[in-house]
Amino acid sequence: MNYDAIIVGSGPNGLAAAITFVRQGLRVLLLEAKESIGGGMRTAELTLPGFRHDICSAIHPLGVGSPFFKSLPLAEYGLEWIQPDLPVAHPLDNGTAVFAHRALDCTAEQLGQDGPAYRRLLSPLVANWDKIAHEFLGPLRLPRHPLVMAQFGLRALLPATIEAKLLFRTEQARALFMGLAAHAIMPLEWPATAAFALMLGTLAHAVGWPLPRGGSQSIADALAAYFTDLGGEIATGHTVRSLAELPPAKAVLLDVTPRQVLQIGGEQLPGGYRRQLEKYRYGAGVFKVDWALSEPIPWTAEPCRRAGTVHLGWSLAEIAHSEKMVWRGEHAERPYVLVTQQSLFDDSRAPKGKHTGWAYCHVPSGSTVDMTEAIENQIERFAPGFRDCILARHTMTTHDFHHYNANYIGGDINGGVQDLRQLFTRPVPRLNPYTTPLPNLFICSSSTPPGGGVHGMCGYYAAQTVLDRLF
Ligand SMILES: Cc1cc2nc3c(=O)[nH]c(=O)nc-3n(C[C@H](O)[C@H](O)[C@H](O)COP(=O)(O)OP(=O)(O)OC[C@H]3O[C@@H](n4cnc5c(N)ncnc54)[C@H](O)[C@@H]3O)c2cc1C
């Protein structure tokens with residue numbers, strides 16, 4: 001069988017590329033190493049029967065905000081976004097919490113003297129979200145909206161630690177900002193880490209931080225069902241080790257990271273390009289815990305009981321310290337922790353009256369250290385009695401993640417460091433980053449712009465490149 005395009009890997013980017021092709025009436029085959037499709041979008045009973053846990057991605061501001069996903073009829077294929085009462089809360093050591101509400105004004109109000117600064121910072125970005133999405137959720141190119149780009153870009157270039165101190169006077173507002181910025185998985189003294197706080201803060205107000213009913217698997221299932229309905233073919237349990245083993249196709253797109261591109265492309269890739277790929281930098285890893293719980297997490301601060309996501313690590317100094325330690329190869333005693341509590345808003349995740357908890361912290365690349373106690377200590381600090389609610393737990397080290405998905409090199413969940421040097425030039429500096437020196441081989445994973453997250457934009461832009469060049 002001759003295909004127009006073969007895609008290796010069924011993460012959000014592989015599926016997005018595959019869908020972009022079948023929408024043009026092309027003949028497409030999607031190959032996936034695992035027995036099920038989805039990449040970072042799978043949900044499973046990791047702990048006890050009836051408790052459904054998101055193995056990787058959980059909360060999807062980039063999914064609901066993705067211009068590509070928005071263009072697809074995913075609701076018709078069973079995808080339902082649930083908006084928690086609050087997108088995110090951040091408990092403080094005095095038993096209260098700061099939070100982001102969908103409404104910008106409500107969020108600004110609780111920040112007291114820092115409220116006006118918060119409003120001034122985010123209201124132009126929220127109003128221009130569609131334009132920002134166009135400029136930043138794709139490859140680097142001449143801006144279509146230079147003013148908006150400048151408004152966002154100049155602030156985004158600062159280190160989060162400096163931006164937080166310049167903008168806000170209270171520890172509360174700084175903590176909220178740093179909790180958002182720490183999604184960068186980098187030391188927060190590094191340039192452009194403020195961009196993560198600006199992007200995630202803007203998304204909280206512009207589109208929310210929703211979760212999909214049934215788990216992130218529902219996003220994968222909806223994308224796959226739409227793809228096959230349009231005539232696409234999927235083969236699972238098929239690990240691709242070399243280009244030679246693929247059926248004939250006009251284009252091959254790899255939803256994998258540079259290390260696997262090197263293996264799959266082998267000697268067919270010219271030496272210069274191979275050397276560039278070898279220099280690609282991977283980031284820190286994650287350690288994750290999932291819990292089956294007898295009741296909701298007993299947070300002291302009421303906003304945490306209404307939030308889909310809770311950030312732990314109370315002050316600017318504490319979060320900055322823990323993220324810096326990770327890059328020094330150390331493990332923080334009080335790590336910055338991301339907690340999500342899907343079952344509060346989606347009753348399909350746990351048996352009646354019971355709950356799930358999902359949390360991870362950042363650890364050095366390749367770490368084998370068990371961070372369960374450090375993570376649970378952080379939760380106990382803000383939710384005394386938490387441990388008494390645990391019915392069962394499931395943990396994953398960086399090795400478990402890498403074994404689970406070959407793209408998570410050393411436990412890096414973003415397909416490579418997302419610093420200023422590598423965000424738009426990933427995987428190597430080329431006029432078009434989705435191309436390789438082989439005219440029919442392309443890369444479409446989160447190791448291309450705009451990087452990590454479930455949004456499908458890397459796959460969409462890679463497929464557009466192929467359509468422009470080959471069809
Ligand atoms: C713990 C964790 C939490 C996360 N939380 C969030 C979140 O809340 N929100 C969010 O937006 N993002 C989150 N992410 C990140 C998100 O999951 C990834 O950025 C995203 O899935 C990357 O998509 P991708 O298509 O590039 O690759 P992936 O989703 O990694 O998919 C790659 C696929 O390719 C397959 N594959 C690899 N090699 C081969 C081969 N040789 N042959 C065949 N198949 C192969 C893999 O099995 C995999 O299915 C999280 C990730 C993790 C691990």
Side-chain angles (χ1 to χ4, degrees), residues 6-18 30-42 53-66 69 88 183 185 199-200 203 209-212 215-216 219-220 223-224 234-243 245-246 252-257 259-265 285-290 308-309 338-340 342 358-362 395-398 400-409 411-416 418 426-427 443-448 450-460 462:
I6 293 178
I7 288 119
V8 177
S10 69
N13 290 309
L15 282 159
L30 180 62
L31 297 171
E32 167 55 48
K34 305 281 288 188
E35 292 304 327
S36 65
I37 51 103
M41 309 176 292
R42 293 195 188 94
H53 305 276
D54 288 322
I55 303 171
C56 304
S57 68
I59 303 291
H60 294 90
L62 288 167
V64 75
S66 160
F69 284 180
V88 59
H183 283 248
I185 323 189
M199 181 67 99
L200 289 169
L203 282 163
W209 285 24
L211 46 115
S216 60
I219 311 175
L223 290 166
I234 297 177
T236 54
H238 191 119
T239 301
V240 174
R241 294 194 171 81
S242 110
L243 293 175
E245 70 190 62
L246 296 175
V252 173
L253 284 81
L254 303 178
D255 182 13
V256 305
T257 80
R259 200 170 292 178
Q260 300 129 286
V261 174
L262 279 163
Q263 285 158 6
I264 295 170
V286 301
F287 180 92
K288 176 166 178 268
V289 194
D290 286 283
T309 302
L338 292 109
V339 183
T340 68
Q342 294 88 325
W358 170 115
Y360 71 79
C361 70
H362 303 146
T395 61
M396 286 176 89
T397 63
T398 64
D400 298 326
F401 272 111
H402 194 166
H403 180 69
Y404 171 71
N405 179 343
N407 283 23
Y408 298 150
I409 310 282
D412 177 346
I413 67 174
N414 282 326
Q418 307 202 110
R426 54 211 283 123
I443 304 173
C444 69
S445 71
S446 62
S447 301
T448 61
V454 172
H455 44 65
M457 297 305 291
C458 314
Y460 167 74

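Atoms within a ligand are numbered from 1 in the order they appear, just like the ligands themselves. Sequence positions, counted from 1, serve as the residue numbers for this chain.
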If you measure every N or O of Glu32 against every N or O of ligand 1, does any of those distances drop under 3.5 Å?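 Yes: some nitrogen or oxygen of Glu32 is under 3.5 Å from one in ligand 1.
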Any nitrogen or oxygen of Ala406, main chain or side chain, under 3.5 Å from a nitrogen or oxygen of ligand 1?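 The answer is no, given that Ala406 and ligand 1 share no N or O pair closer than 3.5 Å.
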Hey, is [X] touching ligand 1 through its side chain, its backbone, both or neither, going by heavy atoms under 4.0 Å?
{"X": "Asn13", "answer": "both"}
{"X": "Asn405", "answer": "side chain"}
{"X": "His455", "answer": "neither"}
{"X": "Met41", "answer": "neither"}

For [atom], tell me which residue out of [options] has the closest non-hydrogen atom.
{"atom": "atom 32 (C) of ligand 1", "options": "Val240, Asn407, Leu31", "answer": "Asn407"}
{"atom": "atom 2 (C) of ligand 1", "options": "Ala17, Cys56, Ala359", "answer": "Cys56"}
{"atom": "atom 22 (C) of ligand 1", "options": "Gly38, Gly456, Ser242, Ser446", "answer": "Ser446"}

Is the shortest distance from a heavy atom of [X] to ligand 1 less than 4.0 Å?
{"X": "Ser10", "result": "yes"}
{"X": "Leu62", "result": "no"}
{"X": "Trp358", "result": "yes"}
{"X": "His183", "result": "no"}
{"X": "Gln263", "result": "no"}

Under a 3.5 Å distance rule, please check whether Lys34 uses its side chain to pair with a backbone N or O of Tyr404 as donor and acceptor.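 Between the backbone of Tyr404 and the side chain of Lys34 there is a qualifying donor-acceptor contact (under 3.5 Å).
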Measure up the His362 and Tyr360 rings against each other and bin them: parallel (under 30°), tilted (30 to 60°), perpendicular (over 60°).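 Judged by the thresholds at 30° and 60°, the geometry between His362 and Tyr360 is tilted.
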